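Data first, discussion second: the structure below is written as structure tokens.
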Amino acid sequence: MTDAHPVPRLRSVAIAELPPGAERSDVADPRLADWVARITTLTRPDEVVWCDGSDAEWRRLTSEMVAAGSLLPLDPVAHPDSFLARSDPDDVARMEDRTFICSVREDDAGPTNNWREPSAMHAELDALFAGCMRGRTMYVVPYSMGPVGGSISQVGVQVTDSPYAALSLGIMARVGDAALAAIGPDAEWVAGVHSVGYPLRDGDGDGDGDGDGDRDGHGGTRRRADVAWPSNPVKFISHFPEERAIWSFGSGYGGNALLSKKCFALRIASVMGRDEGWLAEHMLVLKLTPPAGRPVHMAAAFPSACGKTNLAMLRPTIPGWTVETIGDDIAWLRPGADGRLFAINPEAGFFGVAPGTSVESNPVAIETMREHTIFTNVAVTEGGEVWWEGKTPTPPEHLIDWRGAPWTPETGTPAAHPNARFTVPIEQCPTLASDWYEPDGVPIDAIVFGGRRATNVPLVVEAEDWTHGVFVGATIASETTAAQEGAVGELRRDPFGMLPFAGYNMGDHWQHWLDVGEALGEHAPKIFQVNWFRKGADGSFLWPGFGENSRVLAWIAGRIADEAAGAATPIGTIPAPGSLDLRGLEVSDDTLEALFEVDPGSWLDECEQTEAFFAALGDHVPDVLRDELARLRDRLAAAQTDAAVLPPSVRASSVGPCSLTGRPDRQ
Ligand code: OXD
Ligand code: MN
């Protein structure tokens with residue numbers, strides 16, 4: 001790393017006597033040894049443990065946590081080697097309002113991020129972190145994102161006083177000595193400091209947490225009792241892009257605590273990508289293989305809660321096609337030596353949303369979590385079998401809910417928290433692609449953008465070119481669900497699905513996409529937009545979704561191979577009549593018409609919103625995207641006066657009507 005590395009900033013902390021385990025003779029990078037020593041001095045843990053991600057470590061940590069009451073072992077037959085964690089009810093999700101981008105210049109964070117001046121933020125954090133690990137173990141977790149040494153991979157180190165975070169990181173990233181060995185004196189690595197902010201002893205040792213000396217006469221050795229899910233009402237998830245550092249305080253949950261995921265792999269990595277010519281995106285990666293012909297790889301960006309995991313694990317309903325999984329949440333994409341765009345999934349596990357996951361909606365996920373899984377905030381039966389809303393059509397008669405309270409179907413509150421999760425190694429996924437772990441990644445043939453849209457957006461549209469595709473990505477919107485903040489059903493603009501995750505100015509992110517496209521030139525992948533969630537006039541979904549989405553992926557593959565015909569509309573190219581494989585699917589002509597309808601009037605209204613959205617983002621919005629908007633308006637205005645450009649029916653031959661109503665979801 002450069003001078004901007006966090007170690008220099010911690011020089012004000014003079015290294016004091018270190019607790020057992022802090023020093024390790026085989027650390028090749030003196031900056032790492034120094035950084036661990038200074039963090040230890042600041043936070044004052046009782047001991048330091050370096051993690052290696054081994055099975056022995058899994059067994060040790062899980063047994064210690066079971067003994068401490070912070071993990072519950074599940075039924076060993078239904079869920080071998082699996083555990084349940086119940087969080088504090090106030091610590092159940094990512095907290096966007098407590099997430100900060102502390103770039104040196106406010107303008108670099110941009111209007112979509114909370115910004116704090118870095119030194120002021122550091123001063124506030126130093127005060128919070130001082131002594132925050134007293135009475136606890138600090139885990140030092142070295143990890144690689146992507147195959148160790150791969151051309152798109154990166155390394156990081158997280159220190160944490162949460163065994164849950166250390167254990168989960170062991171699933172979500174490649175933790176261990178190989179990653180540590182990759183951190184040599186010249187290596188660039190991302191530093192993550194995490195504390196739940198619940199010390200068990202004061203500096204004066206009286207354990208009452210108020211740091212007031214020993215007024216209550218407990219003497220110097222008494223500790224306060226731990227709780228099953230320690231956290232702190234004060235929360236900060238702070239990113240220092242120039243330092244390549246993350247400081248997270250007060251939350252033990254998900255993306256707030258597993259710093260490899262949203263904090264590093266999206267917010268910090270997006271800045272690294274901006275600086276170095278690559279992309280860190282909120283995208284799944286899948287491999288689609290037709291019955292004959294070559295496989296294609298797709299990277300698909302969707303806002304949170306749009307079913308990326310379901311799409312990544314899709315079981316095609318069309319005969320002969322296969323979908324294999326490479327990643328379900330994050331992709332790092334980099335132009336390769338041959339000029340094409342290559343991608344890796346930098347993660348090693350899934351941190352998936354449990355509610356809604358069933359044998360019908362995602363059998364692959366259910367198989368993936370058959371063993372060796374950490375469940376968080378799901379409900380359980382008395383016997384220790386997990387359950388969540390949507391897992392089975394009828395809930396069990398009696399459960400223990402996510403808070404640990406008795407529950408029956410009459411209780412009136414969800415048994416599992418809507419953001420309940422399963423954390424599971426990717427290797428347990430039965431559809432894992434054989435090339436998922438290629439050190440140089442897989443070549444990307446198509447980029448797909450999606451969202452949850454009841455209106456306007458057709459089932460699938462191909463963008464005209466890269467610039468138009470970037471416009472499509474920049475204008476993604478999605479209706480919010482129960483798993484997110486805000487009112488359900490509200491339309492939220494979420495460009496590239498990156499609104500909560502871009503570590504720098506959103507307008508610059510779009511410009512960076514344009515620049516990457518220019519560098520790729522003729523090798524640039526085609527870009528598509530999809531929408532599984534369009535509704536009819538009666539409010540029911542028009543498309544069955546799930547495995548049937550393979551029909552859309554097949555059309556996309558056909559476009560890549562130059563085999564599937566398209567029809568022009570003002571917003572892009574939709575399937576020409578007969579080119580979308582609808583064999584075996586009962587869908588009426590009216591439904592198909594509605595799925596692909598492009599109504600110039602309501603699109604022109606949407607353009608007004610897009611203009612307002614661009615205006616809110618300010619002068620970083622690239623001019624070419626404003627030009628795209630103007631061009632789109634021109635095409636729509638022309639279409640209003642020329643009915644001939646409205647899309648023809650997509651149907652090849654009629655297979656009879658069907659009502660596609662009453663399905664639970666379309667992912
Ligand atoms: C996630 C999210 O948890 O996008 O993946 O919120
Ligand atoms: Mn996500």
Side-chain angles (χ1 to χ4, degrees), residues 85 87 91-99 112-113 145 164-165 168-169 171-173 237 248 251-270 279-286 299-313 325-333 343 345-357 362 365 368-369 374-378 388 416-424 426 448-452 473 476-486 488 492-503 667:
S87 80
D91 191 21
V92 292
R94 286 189 292 101
M95 300 185 79
E96 289 172 21
D97 60 337
R98 302 306 305 159
T99 300
T112 60
N113 281 312
M145 300 300 284
Y164 170 86
S168 305
L169 207 56
I171 293 178
M172 297 305 297
I237 301 103
S248 173
S251 167
Y253 204 89
N256 305 334
L258 314 180
L259 303 187
S260 63
K261 195 172 180 58
K262 306 298 190 180
C263 298
F264 176 176
L266 289 177
R267 299 193 191 100
I268 295 291
S270 61
L279 297 161
E281 297 295 327
H282 194 203
M283 287 177 160
L284 67 94
V285 183
L286 63 79
F302 292 77
S304 302
C306 286
K308 284 205 300 299
T309 305
N310 288 352
L311 183 57
M313 297 178 178
T325 311
I326 293 179
D328 79 327
D329 195 40
I330 296 174
W332 286 354
L333 307 110
N345 166 16
E347 301 197 277
F350 303 118
F351 180 65
V353 175
T357 310
N362 191 339
T368 303
M369 59 177 108
I374 301 174
F375 295 92
T376 305
N377 286 347
V378 300
W388 46 77
H417 187 278
N419 193 35
R421 298 281 177 151
F422 56 89
T423 312
V424 63
I426 194 167
V448 179
F449 294 117
R452 186 181 279 274
I476 284 182
S478 199
E479 280 130 25
T480 48
T481 70
Q484 290 158 312
E485 292 171 44
V488 173
R492 162 165 133 148
R493 292 277 173 169
D494 192 347
F496 290 78
M498 285 287 279
L499 187 68
F501 307 124
Q667 301 165 0

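What you see is a predicted model; the values in this text were computed from it and never measured. The residues of the chain are indexed from 1 along the displayed sequence. One-based numbering, in listed order, for ligands and for the atoms of each.
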Is there side-chain contact between [X] and [Y], with heavy atoms separated by less than 4.5 Å?
| X | Y | value |
| --- | --- | --- |
| T357 | M369 | yes |
| R94 | F501 | yes |
| R492 | P303 | no |

Which residue and non-hydrogen atom of the protein lie closest to atom 4 (O) of ligand 1, and at what distance in Å?
S304 OG, 2.5 Å

Which residue holds the protein heavy atom closest to atom 6 (O) of ligand 1, what is that atom called, and what is the gap in Å?
R94 NH2, 2.8 Å

At under 4.0 Å between heavy atoms, is it the side chain or the backbone of [X] that contacts ligand 1, or both, or neither?
| X | answer |
| --- | --- |
| F501 | side chain |
| H282 | side chain |
| R421 | side chain |

Would you say K262 contacts ligand 1, with heavy atoms under 4.0 Å as the rule?
yes

Is the backbone N or O of [Y] less than 3.5 Å from a side-chain atom of [X], with the two atoms forming a donor-acceptor pair by type?
| X | Y | value |
| --- | --- | --- |
| R421 | T376 | no |
| T112 | L499 | no |
| S248 | N256 | yes |

List every atom of ligand 1 that sits less than 4.0 Å from any heavy atom of D329, numbering the atoms from 1 in the order shown and giving each element.
5 (O)

With under 30° as parallel and over 60° as perpendicular, where do the rings of W332 and F264 fit, or are they tilted in between?
tilted

Atom name in D329, limited to N/O/S, at shortest distance from the Mn ion (ligand 2)
OD1

Is the distance between the Mn ion (ligand 2) and the nearest N/O/S atom of G497 smaller than 2.8 Å?
no

How wide is the angle at the Mn ion (ligand 2) between NE2 in H282 and NZ in K262, to the nearest 10°?
90°

